[in-house]
Amino acid sequence: EFLKFLIPYRKKQISILILTGISVLLSLINPYLSKIIVDKAIINKELKTFIVVGIIGTVVFVLNGLVSAIASFWEKDISLRLRFDLNKKLFGHLQQLPLDFFKDKSTGEHMFKLNYDIERAVDFISSAPKEAVNIFPKLIFVLVIIFCLSWQLALFSIALAPILYLPIYYLTRRMRKAFKELINNSQGIFKRIEEVFSHIYLIKALGNGKSETRDYLRALIRNMRLSYKNIRLEVINNFSAGSFNRVVIGLIALFGGFQVIRERMTAGTLTAIMVYLAELIGLQNRFIFFFQRINFGLVSCGRLEKVLQEKPKISRSASLKIRKLQILP
């Protein structure tokens with residue numbers, strides 16, 4: 001639903017996806033160049049080949065960095081504009097809602113949505129398409145290349161893949177639930193702060209300062225406990241991912257080394273495959289972060305959607321004035 005906010009920037013978004021695709025293809029070149037360097041240059045002691053392949057690798061590396069930088073700049077530009085659009089949409093919609101909507105909700109709650117939830121939603125909307133193009137096609141390409149280099153090693157790697165991803169899937173689901181509790185509690189703190197400062201004169205007159213401080217500290221302590229829960233899940237997630245990565249890479253290296261000893265593949269092929277596997281490990285880490293951003297973004301989008309689904313009551317003239325607002329250049 002919120003991806004429709006990308007429609008006004010579809011040309012730039014398509015350009016970002018194209019550049020990301022080019023970056024994916026460029027990132028697949030250097031690992032194969034390592035095979036040529038080992039098998040052709042180092043083993044045969046060909047200095048000319050070593051220099052030529054090294055120069056090509058350097059050019060590819062620099063070009064890939066340039067393409068990625070341009071895509072990143074355009075992505076940040078779209079993020080800024082999306083943040084403006086969502087703020088305009090939500091704030092304008094809040095102005096149209098009847099007074100009954102605000103009776104049981106505080107200013108702090110609305111401020112939290114206008115800041116934190118919009119920030120998370122924008123991060124999800126702007127980054128999800130690019131990350132999807134970066135991760136999934138690259139994953140397929142790398143597996144195909146490894147299969148072409150050594151189908152035995154490719155099948156062995158695929159067989160070990162569930163060891164990497166099943167724990168991550170389980171922990172990320174738990175992190176989404178914990179994160180939802182955290183942002184709801186954080187919103188409650190915003191609500192409490194707004195209530196205290198809006199009634200500060202009454203609190204001072206009644207001498208309730210210490211009581212309000214205790215209530216505020218209780219809310220902070222609960223927030224800290226929820227934050228520690230998130231931190232524990234993240235640490236466990238990172239530890240399990242890193243541990244399983246090392247085990248899997250070690251098993252693949254042993255299997256590949258056995259193949260080289262038996263002369264079923266060259267040392268250069270094994271080197272290239274290990275570099276491609278390092279790319280896969282990098283993709284796995286990006287996938288974890290991508291999955292977290294999607295989960296967190298969906299939570300915030302759901303919270304914003306509840307507000308936007310409230311039926312407005314506003315005059316036609318006021319509605320037309322809101323629509324005339326245009327984004328600044």
Side-chain angles (χ1 to χ4, degrees), residues 1-17 20 71-102 104-134 175-176 179-191 193-194 230 289-329:
E1 177 68 23
F2 278 78
L3 291 175
K4 67 183 180 182
F5 285 95
L6 279 174
I7 293 176
Y9 316 109
R10 57 187 178 276
K11 291 183 179 179
K12 186 169 286 187
Q13 185 65 39
I14 291 171
S15 299
I16 290 172
L17 297 181
T20 302
S72 179
F73 176 78
W74 284 349
E75 181 186 355
K76 293 182 186 303
D77 177 66
I78 290 178
S79 295
L80 288 173
R81 294 173 181 272
L82 284 173
R83 193 172 293 111
F84 177 89
D85 292 344
L86 275 175
N87 269 285
K88 183 181 76 171
K89 177 73 174 178
L90 185 64
F91 190 82
H93 188 76
L94 286 170
Q95 302 307 309
Q96 299 175 44
L97 294 178
L99 191 60
D100 291 341
F101 174 79
F102 299 93
D104 59 343
K105 295 178 178 64
S106 71
T107 304
E109 182 177 341
H110 301 310
M111 288 176 63
F112 189 85
K113 285 186 171 69
L114 284 167
N115 288 276
Y116 192 85
D117 281 329
I118 284 181
E119 191 71 28
R120 288 286 182 177
V122 167
D123 182 58
F124 162 64
I125 297 167
S126 62
S127 66
K130 177 188 171 185
E131 285 299 299
V133 170
N134 203 325
M175 287 174 66
R176 180 179 180 180
F179 177 74
K180 192 172 182 178
E181 293 177 359
L182 178 61
I183 61 174
N184 286 335
N185 190 73
S186 299
Q187 178 178 281
I189 292 176
F190 265 70
K191 178 180 178 180
I193 292 172
E194 185 273 331
N230 273 278
F289 188 49
F290 172 66
F291 203 60
Q292 288 176 355
R293 290 167 89 173
I294 286 180
N295 280 314
F296 299 162
L298 288 175
V299 170
S300 290
C301 285
R303 286 161 51 84
L304 294 174
E305 185 66 22
K306 286 183 181 179
V307 178
L308 295 175
Q309 284 178 347
E310 294 287 338
K311 294 184 179 180
K313 290 182 181 179
I314 192 169
S315 65
R316 181 175 176 82
S317 59
S319 179
L320 289 173
K321 287 180 181 179
I322 292 173
R323 289 175 185 161
K324 288 179 180 178
L325 285 172
Q326 298 294 327
I327 190 168
L328 295 172

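In this structure, Leu17 CG and Arg10 CZ are separated by 14.0 Å, a value rounded to the nearest 0.5 Å. Between Leu304 atom CG and Leu86 atom CG the span is 7.0 Å, to the nearest 0.5 Å. Within the model, atoms CG of Asn87 and CD1 of Ile118 stand 3.5 Å from one another, a figure rounded to the nearest 0.5 Å. Rounding to the nearest 0.5 Å gives a distance of 11.0 Å between CD1 of Ile125 and OH of Tyr9.
Taking Leu298 as the reference, Phe124, Arg176, Ile294 meet the side chain to side chain contact (heavy atoms under 4.5 Å, CB included) condition, with sequence neighbours excluded. With sequence neighbours excluded, no residue forms a side chain to side chain donor-acceptor pair (under 3.5 Å) with Thr20. Contacts of Arg120 classified as salt bridge (charged side-chain N to carboxylate O under 4.0 Å, His left out), with partners at least two apart in sequence or in another chain: none. Every residue two or more places apart in sequence or in another chain that forms a salt bridge (charged side-chain N to carboxylate O under 4.0 Å, His left out) with Lys130 is listed here: Glu75. Not counting sequence neighbours, the partners of Lys12 by the salt bridge (charged side-chain N to carboxylate O under 4.0 Å, His left out) test are Asp77. Evaluation of the side chain to side chain donor-acceptor pair (under 3.5 Å) rule for Asp123 yields Arg293 as partners, not counting sequence neighbours.
The shortest non-hydrogen separation linking Val122 to Ser79 is CG1-O, 3.4 Å. In terms of heavy atoms, Pro129 sits closest to Gln13 at CB-NE2, 3.7 Å.
Under the 4.5 Å side-chain criterion, counting only non-hydrogen atoms from C-beta, Ile78 is in contact with Ile16.
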